[in-house]
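In what follows, chains are A, B, ... by sequence order, proteins preceding strands, each numbered from 1.
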There are 2 protein chains.
Amino acid sequence: MPRPTPGGPQAGEPARTHALAALRQAILIGDVAPGQRLVEEELAGLLGVTRASLRAALIDLTAEGLVERVPNRGARVRVVSPEEAVAITECRTALEALCAVKAAQSVTDDEAAQLRELGGNLALAVSEGNPLKYSELNRELHRQIGVISGQSVAVSLLERLDAQIVRHQFQLALRPGRPEQSLAEHLAIIDAVAGRRPADAEEATRRHLNSVIEQLRAAGEAEGPVSPDTGP
Amino acid sequence: MPRPTPGGPQAGEPARTHALAALRQAILIGDVAPGQRLVEEELAGLLGVTRASLRAALIDLTAEGLVERVPNRGARVRVVSPEEAVAITECRTALEALCAVKAAQSVTDDEAAQLRELGGNLALAVSEGNPLKYSELNRELHRQIGVISGQSVAVSLLERLDAQIVRHQFQLALRPGRPEQSLAEHLAIIDAVAGRRPADAEEATRRHLNSVIEQLRAAGEAEGPVSPDTGP
DNA sequence: CGCCGCCAGATTGTCAACAATCTCGTTGTG
DNA sequence: CACAACGAGATTGTTGACAATCTGGCGGCG
């Protein structure tokens with residue numbers, strides 16, 4: 001299942017941007033497994049760029065928290081333990097609560113309408129039993145609230161954190177019954193923000209993410225209480 | 001005043017690590033002015049490393065938010081506007097509140113004693129009228145609470161954010177009367193955390209950082225309501 | 001029989017040179 | 001006199017090769 005990487009020879013204009021985008025996508029999609037070694041020359045060949053360009057991309061991804069690098073020993077896809085996923089989600093709670101408050105204070109009528117429409121689509125995805133679509137709309141909702149809040153700093157932090165736990169989030173969305181529970185919490189957030197009730201929005205956001213943390217803990221204990229090494 | 005950079009030829013062992021540390025230090029200390037262009041070849045010569053190594057360091061610093069890079073146009077020291085400083089501090093509020101709560105929940109007797117000692121030193125620095133020392137202890141306090149909280153994710157985010165606004169923080173500490181006000185707020189935080197009162201700790205932290213935001217706003221309007229371009 | 005040091009392969013870190021792109025001053029034209 | 005195209009200089013992006021470091025297995029010694 002952990003196939004090496006996808007191959008995208010290269011576009012015409014950009015150069016190392018291509019490597020960066022391709023690698024990031026490969027990691028997020030899961031084409032390269034967490035813990036897998038990322039050998040510079042090999043990847044450079046696959047992506048059609050030189051080692052230096054790919055190296056720069058690796059540095060960028062390291063800064064994004066998607067790759068771990070140890071000085072003379074190479075890079076590998078970062079593996080986030082369930083405990084780290086919880087810690088990350090706790091930070092997300094703090095930041096998203098901030099965004100929710102600000103969004104509820106400054107939301108326009110158009111934005112409120114957009115949010116409610118998104119809520120409708122979320123409900124639709126649940127009733128269809130389509131967890132992929134739901135997961136996608138979920139991320140879209142959180143992103144949208146960030147945009148409405150105008151807190152670009154918080155949004156960029158949240159994007160980084162989100163990217164690090166997409167795998168966990170995705171896995172959560174597949175748990176039976178989870179989308180239903182999540183939906184109610186999301187609708188509460190939407191209602192509070194669209195209704196311009198900052199305190200409610202904060203409360204609903206905290207409730208939702210605390211529920212996510214609970215689920216992460218449960219999933220973590222169920223799957224891997226201990227974390228041995230990922231193969232060399 | 002914006003002298004080019006300090007020169008540290010190079011240590012014996014590390015290589016681009018040297019460039020990274022030296023450049024970061026130069027930016028934080030203020031040896032290179034915000035907005036100043038960072039020409040690769042020039043800096044490489046000053047630091048005694050090759051352009052490739054320095055380039056990697058620039059990429060790292062870009063990820064840390066200390067440097068801005070535009071594709072074919074070079075890098076310059078990032079300038080954070082007063083508005084951005086406020087937004088950053090709002091994020092800090094959210095994250096430090098989280099840390100304060102967690103720290104108040106898990107603080108040990110030894111750690112509580114350390115905090116109180118730090119509080120004493122803060123008071124001492126104020127009574128001495130030593131803003132530099134106060135500013136340093138201030139940062140130490142925030143860092144210490146982060147460590148006690150055990151929220152390593154939040155701490156690393158806070159370190160990034162802090163680094164981006166050291167200049168503003170430092171400038172604030174120099175405003176007359178500011179240390180006195182800040183001291184009271186800090187002591188309240190220390191008391192709440194050391195006294196294991198999470199709710200109080202969160203409240204005190206928010207109060208303190210909101211006060212910082214107010215000061216940032218005031219300083220921002222006083223100094224530069226508009227922000228023209230920093231010289232080429 | 002087990003442990004220590006050493007050698008070969010592989011991988012990362014570094015370097016100097018080449019090509020592409022941009023900035024800015026100059027020149028020619030309407 | 002103003003504007004636009006042009007080109008020299010400077011700066012970044014990229015390339016391929018070289019040196020330093022690490023991994024893992026082999027042989028010698030206790």
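The nearest whole Å value for the distance from the CZ atom in B:Arg69 to the C1' atom in D:dT11 is 12 Å. Protein atom CD1 of B:Ile59 is 13 Å distant from nucleotide atom P of D:dT12, rounded to whole Å. A straight line from CD of B:Gln36 to P of D:dT11 spans 13 Å, rounded to a whole angstrom. Rounded to an integer number of Å, the gap from CD of A:Glu41 to C1' of D:dG16 is 11 Å. Counting to the nearest Å, the P atom of D:dT12 and the CZ atom of A:Arg16 are 13 Å from each other. For the pair A:Leu54 CG and D:dG16 C1', the interatomic distance rounds to 16 Å; values are reported in whole Å. Separating the NE2 atom of B:His18 from the P atom of C:dG13 is a distance of 18 Å, rounded to the nearest angstrom. Between the CD atom of A:Glu42 and the P atom of C:dA10 there is a distance of 13 Å, rounded to whole Å.
In this structure, A:Thr17 and A:Asn72 both approach DNA chain D, and ranking their closest nucleotides by distance from the 5' end singles out A:Thr17. Annotation: of the two residues near DNA chain D, A:Arg73 and A:Thr50, the 5′-most nearest-nucleotide partner is A:Thr50.
No donor-acceptor pair closer than 3.5 Å links the side chain of A:Ser182 to the backbone N or O of A:Arg178. A donor-acceptor pair under 3.5 Å is formed between the side chain of A:Arg160 and the backbone N or O of A:Ala63. At least one donor-acceptor pair under 3.5 Å links the side chain of A:Thr62 to the backbone N or O of A:Leu58.
Among the nucleotides C:dC15, C:dC22, D:dG13, the one closest to any side-chain atom of B:Arg55 is D:dG13. Taking every side-chain heavy atom of B:Arg37 into account, D:dT12 is the closest of D:dT12, C:dT12, D:dT15. Distance from the side chain of B:Val39 is smallest to D:dT11 among C:dG13, D:dT15, D:dT11.
For A:Ala97 against A:Thr205, the heavy-atom pair with the smallest separation is N-CG2, 3.9 Å.
A salt bridge links B:Arg143 with B:Glu140: at least one charged nitrogen is closer than 4.0 Å to a carboxylate oxygen.
Taking side-chain N and O atoms only, A:Ser53 has a distance below 4.0 Å to OP1 or OP2 of D:dT15.
The base of D:dG13 sits with one of its N or O atoms less than 3.5 Å from a complementary donor or acceptor on the side chain of B:Arg51.
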